[in-house]
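In what follows, a structure is listed as structure tokens, so that the remarks can point back to it.
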Amino acid sequence: MLDIKLIRENPDLVRANLEKRGNPENMLLLDELFALDKQWRMNLTRLNDLRHVRKTVTIEIAQLKKTGQDALGQVERAKEIDVQITTIEKQVAQEENREHNLLLCLPNMLDPTVPLGEDAHGNVQIKTWGTIPTFNFQIKNHIDLANALGIVDMERAGKISGARFFFLKNQLVLLDLALMSFTMHELSKKGYVAIEPPFMMNKTAYEGVTSLADFADVLYKIEGEDLYMIATSEHPMAAMYMGEVIKEQDLPLKLAGLSPCFRKEAGAHGKDTRGIFRTHQFNKIEQFIFCKPEDSVRLHEELLAAAEELLKKLELPYRVVNVCTGDIGTVAAKKYDIEAWMPAQNDYREVVSCSNCTDYQARRLGIRYREKEGAPPKGFLHTLNSTAVATGRTMVALLENNQNEDGTINVPKALRKYMSDFEKIDKNQ
RNA sequence: GCGGGAUUCCCCAAGCCUGGUAUGGGGCAGGCCUGCUAAGUCUGUGGUCGAAAGGCCACGGGGGUUCAAAUCCCCCAUCCCGCGCCA
């Protein structure tokens with residue numbers, strides 16, 4: 001959510017931001033918001049004046065009654081004022097509601113370094129790492145490899161749950177666990193607090209962390225309960241400190257959240273339909289940071305570096321892109337994606353998404369910071385998040401990049417101690 | 001699921017029975033005072049509207065009664081204690 005003061009005082013900045021993001025329908029919302037805000041403030045002043053008068057009358061009544069005098073005239077007057085107040089109150093509440101909704105629709109202000117672009121094609125590559133492997137045999141995709149090794153069962157998952165679900169089996173389960181253990185150990189060494197969050201969250205908390213469109217396209221709702229399955233542990237971690245004021249000395253607060261992620265993938269019909277690349281459920285460790293506003297740009301780079309370091313240790317070739325205005329999403333001010341090399345697709349594909357959300361989430365959630373114990377709050381803090389490891393896609397990359405001609409898979413050195421010292425995933429194990 | 005207790009401004013509490021301007025302490029900030037420090041003393045402390053003066057809102061949330069609700073009534077949420085059920 002943007003600061004309404006920014007919109008009042010610098011509407012041109014906000015307008016320019018919307019233009020950059022290329023969603024003209026939001027421009028109309030901004031116009032409506034601007035006019036509505038003016039009207040709301042006017043009515044609010046009227047309402048407050050009336051309330052003030054009524055208060056005075058009420059006090060008069062109290063005083064008259066105390067001295068045993070008749071207060072009928074004042075009571076009548078108070079009743080009349082009350083009628084007016086009720087009418088205006090309704091109007092103000094309506095305006096406030098609409099204003100809040102409009103505010104929730106407006107996207108975050110972009111960082112000036114975000115490249116202009118219409119869609120994912122406009123993302124700008126800023127670096128590559130590793131060497132794209134060459135194979136002197138006919139390579140297989142991850143799903144054929146996994147099927148042949150008997151470490152996945154898509155068909156039976158389809159039978160009981162539907163498309164985009166999977167059973168992992170044997171060494172693929174171990175690999176999944178190994179990726180999580182490895183990542184958690186690495187992040188703990190860097191001072192991240194390990195978190196296992198609730199896997200469901202109520203609507204109020206959820207509205208604070210994501211755009212309204214996600215409720216339809218992404219989130220699974222529990223029938224009959226005010227609960228949604230989390231789409232990433234970013235969400236419960238961001239909402240964790242909802243309504244709180246954090247001491248400056250505790251910042252930056254670095255969390256590493258481990259959870260399954262549940263996603264409807266409503267807009268992805270026909271995309272990546274095979275295998276475990278795009279699924280309704282996957283495990284992920286997410287890095288999350290609460291920090292002072294002046295630190296977020298630096299910490300964004302640090303988050304990216306931490307995510308890169310993990311991929312380097314996994315020996316996966318990747319590139320980093322600066323996500324452009326058309327592809328960045330509502331909440332982020334700036335976003336890097338890391339894309340790992342996927343041999344069977346002959347392309348880099350997203351495995352990490354690393355965002356600086358500035359104060360956009362914090363304002364919605366009411367998370368502020370204070371200089372020290374007892375001091376009044378200073379302002380909203382900044383939030384950042386980055387994938388550390390999404391096991392599904394990382395396993396796709398590992399299977400495809402590390403395949404041998406006989407269909408076995410080499411286990412990267414960094415993971416071996418987390419999976420019984422296996423050097424290879426082999427059918428005969 | 002049942003019963004009891006709780007939720008008050010940054011923190012801790014009082015006020016609720018018996019409706020009438022939201023009280024005290026702590027912390028923090030600033031002023032005054034003292035060679036310095038400590039102590040003392042005064043003011044302030046959240047949100048919001050306003051250029052300011054000055055208002056308004058906020059007693060877990062939502063309704064209701066009343067001229068007037070922290071206080072009375074109803075619904076809901078969360079936490080604590082006990083009982084039940086349960087891996």
Side-chain angles (χ1 to χ4, degrees), chain A residues 1-10 33-104 196-208 221-222 224-228 236 239-251 253 290 292 359 362-381:
Chain A
M1 186 164 69
L2 295 180
D3 189 354
I4 182 71
K5 282 181 191 148
L6 178 75
I7 296 167
R8 276 177 206 151
E9 288 160 21
N10 294 298
L33 179 62
F34 199 73
L36 185 65
D37 181 58
K38 227 177 223 173
Q39 199 189 327
W40 169 72
R41 282 185 289 163
M42 200 184 72
N43 282 328
L44 186 65
T45 305
R46 273 216 295 158
L47 176 62
N48 284 344
D49 289 348
L50 279 171
R51 276 176 172 163
H52 181 58
V53 175
R54 193 194 56 182
K55 247 183 162 170
T56 320
V57 175
T58 297
I59 291 165
E60 274 171 36
I61 295 170
Q63 239 128 42
L64 286 171
K65 294 218 165 166
K66 214 187 258 174
T67 54
Q69 295 177 68
D70 171 57
L72 278 180
Q74 275 78 0
V75 170
E76 274 313 304
R77 176 107 196 281
K79 278 184 180 169
E80 280 166 28
I81 298 170
D82 241 11
V83 174
Q84 297 179 53
I85 286 181
T86 311
T87 316
I88 285 214
E89 252 175 1
K90 271 185 203 149
Q91 206 176 332
V92 168
Q94 245 173 40
E95 286 161 1
E96 229 162 43
N97 233 319
R98 177 69 187 152
E99 188 166 341
H100 186 70
N101 279 333
L102 287 170
L103 265 178
L104 288 184
E196 205 174 294
F199 300 160
M200 301 176 207
M201 226 163 87
N202 66 36
K203 187 165 192 185
T204 309
Y206 235 121
E207 277 173 347
K221 167 106 170 62
I222 305 294
E225 307 266 348
D226 178 25
L227 286 171
Y228 296 80
M240 195 172 172
Y241 291 93
M242 185 165 77
E244 296 191 32
V245 185
I246 299 177
K247 269 180 285 178
E248 221 175 272
Q249 65 187 65
D250 294 332
L251 298 172
L253 192 55
F290 295 96
K292 292 190 277 180
D359 61 3
R363 181 170 293 107
R364 279 189 179 196
L365 289 164
I367 308 176
R368 293 173 293 170
Y369 68 104
R370 72 172 89 252
E371 214 168 329
K372 54 182 144 181
E373 190 66 50
K378 223 171 166 180
F380 295 105
L381 41 69

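Just so we're clear, the structure is a prediction, and the values are computed from it rather than from any experiment. Reminder, nothing fancy here: chain letters follow the sequence lines and each chain counts from 1.
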Would you give the length of the straight line joining atom [atom1] of [X] to atom [atom2] of [Y], rounded to the nearest 0.5 angstrom?
X: A:Asp250; Y: A:Tyr241; atom1: CG; atom2: OH; result: 8.5 Å
X: A:Asn43; Y: A:Thr87; atom1: CG; atom2: OG1; result: 11.5 Å
X: A:Lys55; Y: A:Asn48; atom1: NZ; atom2: CG; result: 10.0 Å
X: A:Leu102; Y: A:Leu2; atom1: CG; atom2: CG; result: 12.0 Å

CZ (A:Arg370) with more than 12 external heavy atoms under 6.0 Å: yes
Could you state the [atom1]-[atom2] distance from [X] to [N], rounded to the nearest angstrom?
X: A:Leu64; N: B:A68; atom1: CG; atom2: P; answer: 16 Å
X: A:Lys90; N: B:G62; atom1: NZ; atom2: C1'; answer: 16 Å
X: A:Glu248; N: B:C28; atom1: CD; atom2: P; answer: 16 Å
X: A:Leu44; N: B:G47; atom1: CG; atom2: P; answer: 16 Å
X: A:Met42; N: B:C49; atom1: CE; atom2: C1'; answer: 13 Å
X: A:Lys65; N: B:U21; atom1: NZ; atom2: P; answer: 14 Å
X: A:Asp226; N: B:G62; atom1: CG; atom2: P; answer: 16 Å
X: A:Leu50; N: B:C56; atom1: CG; atom2: P; answer: 12 Å

Does [N] have OP1 or OP2 sitting under 4.0 Å from an N or O in the side chain of [X]?
X: A:Arg368; N: B:G47; value: yes
X: A:His52; N: B:C56; value: yes
X: A:Lys55; N: B:C57; value: yes
X: A:Arg8; N: B:C49; value: yes
X: A:Arg51; N: B:G55; value: no

As a test of reading the structure: which of [options] is closest to the side chain of [X], going by heavy atoms?
X: A:Asn48; options: B:A68, B:C49, B:C56; result: B:C56
X: A:Ile61; options: B:U48, B:G20, B:C10; result: B:G20
X: A:Ile59; options: B:C67, B:C49, B:U21; result: B:U21

Between [M] and [N] - [atom1] atom distance, rounded Å:
N: B:C81; M: B:C17; atom1: C1'; result: 24 Å
N: B:G47; M: B:A58; atom1: P; result: 16 Å
N: B:A51; M: B:A68; atom1: P; result: 32 Å
N: B:C74; M: B:G26; atom1: C1'; result: 37 Å
N: B:C59; M: B:U8; atom1: P; result: 11 Å
N: B:U37; M: B:G20; atom1: C1'; result: 48 Å
N: B:G54; M: B:C33; atom1: C1'; result: 32 Å
N: B:U7; M: B:A13; atom1: C1'; result: 13 Å

[N] pairs with which nucleotide, Watson-Crick or G-U wobble, both distances below 3.5 Å?
N: B:C79; answer: B:G5
N: B:C17; answer: none
N: B:A69; answer: none
N: B:A53; answer: none
N: B:A29; answer: B:U43
N: B:G84; answer: none
N: B:U37; answer: none

When A:Arg370 and A:Lys79 are each assigned the nearest nucleotide of RNA chain B, the 5'-most assignment goes to A:Arg370
Walking RNA chain B from its 5' end, the first of A:Gln74 and A:Asp37 to be reached, judged by nearest nucleotide, is A:Asp37
So, A:Asp226 side chain and A:Lys203 main chain: donor-acceptor pair closer than 3.5 Å or not?
yes
Shortest non-hydrogen pair, A:Val57 vs A:Arg77, comes out as CG2-NH1, 3.8 Å
Reckon [X] touches a base, only the sugar-phosphate, or nothing at all at heavy-atom distances under 4.0 Å?
X: A:Asp49; answer: nothing
X: A:Ala62; answer: base
X: A:Thr58; answer: base

Applying salt bridge (Lys or Arg N to Asp or Glu O under 4.0 Å) to A:Arg51 and A:Glu89, what does each step give before you reach the verdict? CA-CA 10 Å; A:Arg51 276 176 172 163; A:Glu89 252 175 1; 3.0 Å; yes
